[in-house]
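Indexing begins at 1, ligand by ligand and atom by atom, following the structure's order.
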Amino acid sequence: MSRAREPHPTPNRPTVTLPTPAAIGDAGRLLRAGRLVAFPTETVYGLGANALSATAVQRIFRAKGRPRSDPLIVHLASAEDLPRVARSTPAAARHLAAAHWPGPLTLVLPRAEAVPAIVSAGRETIAVRVPAHPVALALLAAAGRPIAAPSANRHGHVSPTRAIHVAEDLGDGVDLILDGGPTELGIESTVLDLTADPPEILRPGGVTFEMLRLSLPNVVQRALAFQDARSPGTAMRHYAPRARVLLFSDGVEGWARALATARDLVGRSESIAVLGPARLIDAAPRGAVALSWGSDDAEIARSLFALLRQADSEGVGSIVAVLPPSGGLRDAVRDRLTRAANGQVIASDLP
Ligand code: TXA
Ligand code: MG
C-alpha cells in the first residue's frame, strides 16, 4: 500500500539504519565529508561531526538550535589520540583515562590548536572522552578523526536514549542515525574540569563523585545553585519536557506534598503524570499516568529520560516528581530533574 509513496521520501524523515559494518562504513564516510551522524553511546545518543572541521561543527549547532556559546564534547577512539585535541595532558588526566576510559567521564583539558575554536565555543579548553559503546568506537575508527558530539536532542529538550528520540527531535537535520537500541546508562557523562584547581565536577554523570574521589581526593562537586557560565550546558531550563515539572524533595514532607498536589490536580480534572519510585506511584491517585522508575540506581538513570518523553507523548500537562536521595548515580538524576523543573524544588527539607 505504501509502495506508491516510496519514490517520494517524506521530508523530515531521517535515514535510520542498524549499525551493520556496511552502515558504519557509510557513516564514517559521511563524517569525513562533513556531514552529521547520530550514534549510540553508553550514555545517550550523540550528534556527531568531524571535530577538526569548523564547517561540519557549525552544522551541529544549526541542527540542534544550540547557542554558539555552549561548547561540545569531542569523542576519541582511544586515549592515545588525546594529543590530537589537547595541548597538554596532566598526570591526573592520564590516570583518570586509564581508570575510566572507555566510559562516561569527560575531561576538560587545554585545547590543542588543531581543534577549531567553535567546538569549545571560543574557550581555550576542550572537553573530551572515549565512549564505551561498540558502535561508537567502530564509528570513530571508521571516521579516523575526533568526533564532536553533543546529545542528539533539540536544544533544551530531554536527551535521547533511543534512535526514535533522535528522529523525533532532529528530523532530517541529521544525515544518518545509527540505531543501536536503548542506551545502557541513560544519563550523560560526568564533566570534570582538570584545568580548575582543585579539579571540579561541572556536571554529575555516569562516573560518580565517590568514584572520582578515590583517585582525585581534592575533587569538588558544586552545589546545583552555584553552577555558573563555565559549563553553559548546565544552565537551568534544560532536559525539559513540554509538560510542567512539579518537583518535590526526597523527604517525608516532600512525598506528602507531592501526593497532595497530585490528588488536587486530578480532582480538578487536570491530566498529570506521577514520576518516582513504585512506592510513590502506588499511593498516587487513580487517573494519573504512572511513571515508575524502578528500584535500583542504574534503573532510575536508565529510564529517566524515556519516562519524561513518555509523559509528553501521553499529553499530560504536569509531571509530579520526587527527587531520589543524594549520592552516587542519583546525584546525576537529581541534577537532570532539577533542571527539568527549572531549578525549583518544592518542600526542600534542607535548612
Ligand atoms: O554523555 C555525554 O557526555 C553525551 C554523549 C553523546 O557523549 N554528550 C553530551 O554532550 O552530553 P552535551 O553537549 O549535551 O553536553 C556537554 C556538556 C555541556 O554541559 C557543556 O557545557 C559541557 O559539557 N562542556 C563542553 N565543553 C566544555 C568546556 N570546554 N568547558 C566546560 N564545559 C564544557
Ligand atoms: Mg545535551
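Listed by atom number, the atoms of ligand 1 under 4.0 Å from His75 heavy atoms are 5 (C), 6 (C), 7 (O). Listed by atom number, the atoms of ligand 1 under 4.0 Å from Asp70 heavy atoms are 20 (C), 21 (O). Ligand 1 places these atoms under 4.0 Å from at least one heavy atom of Leu202: 31 (C), 32 (N). Within ligand 1, counting atoms from 1 as listed, the ones closer than 4.0 Å to a heavy atom of Glu188 are 1 (O), 2 (C), 11 (O). Atoms of ligand 1 found under 4.0 Å from any heavy atom of Val191 (numbered from 1 in listed order, with element): 23 (O).
Between Thr41 and ligand 1, no pair of N/O atoms sits closer than 3.5 Å. Here's the thing with Tyr45: none of its N/O atoms is less than 3.5 angstrom from an N/O atom of ligand 1. For ligand 1, one of its N or O atoms has an N or O atom of Thr125 under 3.5 Å away. Checked by distance only, ligand 1 and Arg129 come closer than 3.5 Å through their nitrogen or oxygen atoms. Distances between N or O atoms of Thr43 and those of ligand 1 include at least one value under 3.5 Å.
Of the candidates Val191, Leu194, Val128, Val108 forms a side chain to side chain contact (heavy atoms under 4.5 Å, CB included) with just one, namely Val191.
Looking at Arg330 and Asp335, no side-chain N of the basic residue comes within less than 4.0 Å of a carboxylate O on the acidic one, giving no salt bridge. Under 4.0 Å is where a charged nitrogen must lie from a carboxylate oxygen, and between Arg222 and Glu200 at least one such pair does. Using a cutoff of 4.0 Å between basic side-chain nitrogens and carboxylate oxygens, Arg334 and Asp250 are scored as salt-bridged. Taking the charged nitrogens against the carboxylate oxygens, Arg336 and Glu188 do have a contact shorter than 4.0 Å, which makes a salt bridge.
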Before giving the answer on side-chain hydrogen bond (donor to acceptor under 3.5 Å, both in side chains), spell out for Arg203 and Ser189 the whole-Å C-alpha distance, their side-chain angles and the decisive distance to 0.1 Å.
CA-CA 8 Å; Arg203 177 179 73 181; Ser189 64; 3.2 Å; yes

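Only the side chain of Arg66 comes within 4.0 Å of ligand 1, counting heavy atoms alone; its backbone N, CA, C and O stay farther away.
Other residues, nucleotides and ligands contribute only 12 or fewer heavy atoms inside 6.0 Å of the CZ atom of Arg279. Open room surrounds CZ on Arg242; 12 or fewer heavy atoms of other groups in view lie less than 6.0 Å from it. Heavy atoms of other residues, nucleotides or ligands lying less than 6.0 angstrom from CD of Glu184 number 12 at most.
Judged purely by atom type and a 3.5 angstrom limit, His165 uses its side chain to pair as donor or acceptor with the backbone of Thr161.
Neither side chain, Thr89 nor Arg94, offers a donor N or O lying under 3.5 Å from an acceptor on the other.
Within the sub-2.8 Å shell of the Mg ion (ligand 2), the protein contributes these N/O/S atoms: Ser151 OG.
Of the candidates Gly122, Ser189, Ala136, the one placing a heavy atom closest to atom 2 (C) of ligand 1 is Ser189.
Evaluation of the side-chain hydrogen bond (donor to acceptor under 3.5 Å, both in side chains) test over residues 124-139, restricted to residues two or more places apart or in two chains, returns Thr41-Arg129, Glu42-Arg129, Thr43-Arg129.
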